[in-house]
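Read the structure below first, then the notes.
Here the structure is a predicted model, which is why all the values come from computation and not from measurement.
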Amino acid sequence: SVLYNTLISGYGNMGKIDEALELFQEMKKNQCSPNAVTCNIVMHILNRAGRYTEASALFAEMKDDYGFVPNTRTYNTIINGYLKAGKSSEALQMFEEMQKGGCSRDTITYNTMIMGLCKAGKVNDAYGIFATMEHQGCSPDVYTYNSIFYGLLKVHRLAEALTLFEVMKTKGCSPDHITYSTLINGFCIAGNADQALQFLGDLKASGHVPDLVTYSTLINGLCKVGRMDVAYKLYEDVLEQKFVPNLITMNTLLNGFGKDGQFDRARQLFAELKDMGISPDVVSYNALICAAGKVGNTDAAFQLLEEMQCAGCSPDVVTYSHLIELLSNSDKAGQAWDLFTQMEKRGCHPDLVSYNILLAGLVKASRLDDACYLMEEAKRKGLTPDLITYSTLISGFGTVGKVDEAYRLFLEMKEMGWTPD
RNA sequence: CCUUUGAUUGUGCGG
């Protein structure tokens, strides 16, 4: 069993899900039966593949059919799956259930809950759990603090993060390079790049070594606030040191130049990354298409669409969104709609964001009735219009003086449970 | 033999 478990786990770590699951099936047929650890491993693999439903089915199976008693790790794994699937209430239910069933929680259980809630934007709930863990005999560790930082900074609660950072150090928990990356990213997304740069200094001063993720994070933050010169200097630092930039580093910088209106510079980086032996992915192409759009170069954008397909890289919903927006911005709403229809035919299903983009294009072209029709179509497809959908339409009707229509939509929006911002 | 944390691409209005 141990041998099988090791193999299954190994395949899982290599991303070879099917092989791992096949071994699991083989194991069931052989005289060597799966044990509780096997189930934990397989559940974990299913979670990593985003197959949460199958993971929870296995959880039920292991209890009901195999008669295994779930242990702390089992619960930690299943709780993580529920959280990743966006099912916080089910996760919380398991969190309660394990306690009642006599299975003790550990720091990882708390960390898993805290991180999951933070990712879902529920920092306050996460904080509540954080506040109780100590009394339950589980001391917060660096994972706990890093997760709370992530959650607080995601919603721009900078001051609280800084306070907690001091508390963490006072309590003798040393920040690690992930703590610093989290802080750097958080301050960057809140627009405070100087504080972020300060953290890079602190990190080095405290004897840690920034890694490629730290640098990429900071480069991204500097790009986002338009400080391309500093971002590029940092990239040069990366090169000067022993680091080899990866695809994410290059995409980050490429996107930064593109957003800054430097299409040629973006192209140059695209060439550089290929020279480095890195294969551009859909993110690289999308960023470059966006850059072409930014400077109004529609031809280049569509050439890139061709180019990526020739290179074996399939356009995705983001690719089409960029192109649709680009067409809308050049007063070609009709062509934008055609492309929208085509993307569907090419097997790329529009999501709410792509609907919102085309809708904005129609509104811009004063085609308000068509825009309303499009919203209805989105509903028919099972998509729920959001605050942006409604705001787009409302402002469109407002602009042309159709206040009554705007008001009708405003009421509908509230009926749908949206709170006007 | 198994579980938890950090970086890259798309959407509205106003400022």
Base, sugar-phosphate or nothing for [X]? Non-hydrogen atoms, less than 4.0 Å.
X: A:Asn246; value: base
X: A:Ile248; value: base
X: A:Val42; value: nothing
X: A:Ser354; value: base
X: A:Lys119; value: sugar-phosphate
X: A:Thr214; value: base
X: A:Thr252; value: sugar-phosphate
X: A:Lys259; value: sugar-phosphate

Inset, instruction - Test for a donor-acceptor pair under 3.5 Å between the base of B:rG6 and the side chain of A:Asp211, counting only N and O atoms. - result: yes
Inset, instruction - Decide yes or no, distance alone: a donor-acceptor N/O pair under 3.5 angstrom between the base of B:rG10 and the side-chain of A:Asp351. - result: yes
Electrostatic pair [X]-[Y], nearest N-O below 4.0 angstrom:
X: A:Asp194; Y: A:Arg227; value: yes
X: A:Glu236; Y: A:Lys233; value: no
X: A:Arg51; Y: A:Glu54; value: yes

Inset, instruction - Can you run through RNA chain B from 5' to 3' and write each base as (, ), [, ], | or . depending on how it pairs? Watson-Crick or G-U wobble, both distances under 3.5 Å. - result: ...............
Polar-atom pairs under 3.5 Å, protein N or O versus N or O of nucleotides 13-15 of chain B: list them with distances, or write none.
none

Parallel, tilted or perpendicular, judged at 30° and 60°: which one describes the rings of [X] and [Y]?
X: A:Phe59; Y: A:Tyr75; result: perpendicular
X: A:Tyr110; Y: A:Phe95; result: perpendicular
X: A:Tyr66; Y: A:Phe68; result: parallel

Legend entry - Under 3.5 Å side-chain donor-acceptor pair for A:Ser328 and A:Lys364: no
Legend entry - Distance-only donor-acceptor check, side chains A:Tyr215 and A:Gln241, under 3.5 Å: yes
Reckon [X] has a side-chain N or O less than 4.0 Å from the OP1 or OP2 of [N]?
X: A:Lys224; N: B:rU9; answer: yes
X: A:His44; N: B:rU4; answer: yes
X: A:Asn356; N: B:rG12; answer: no

Legend entry - Minimal non-hydrogen separation, A:Ile114 against A:Ser147, with atom names: CG2-CB, 3.9 Å
Legend entry - Interatomic distance where OH belongs to A:Tyr235 and P belongs to B:rU8 [whole Å]: 18 Å
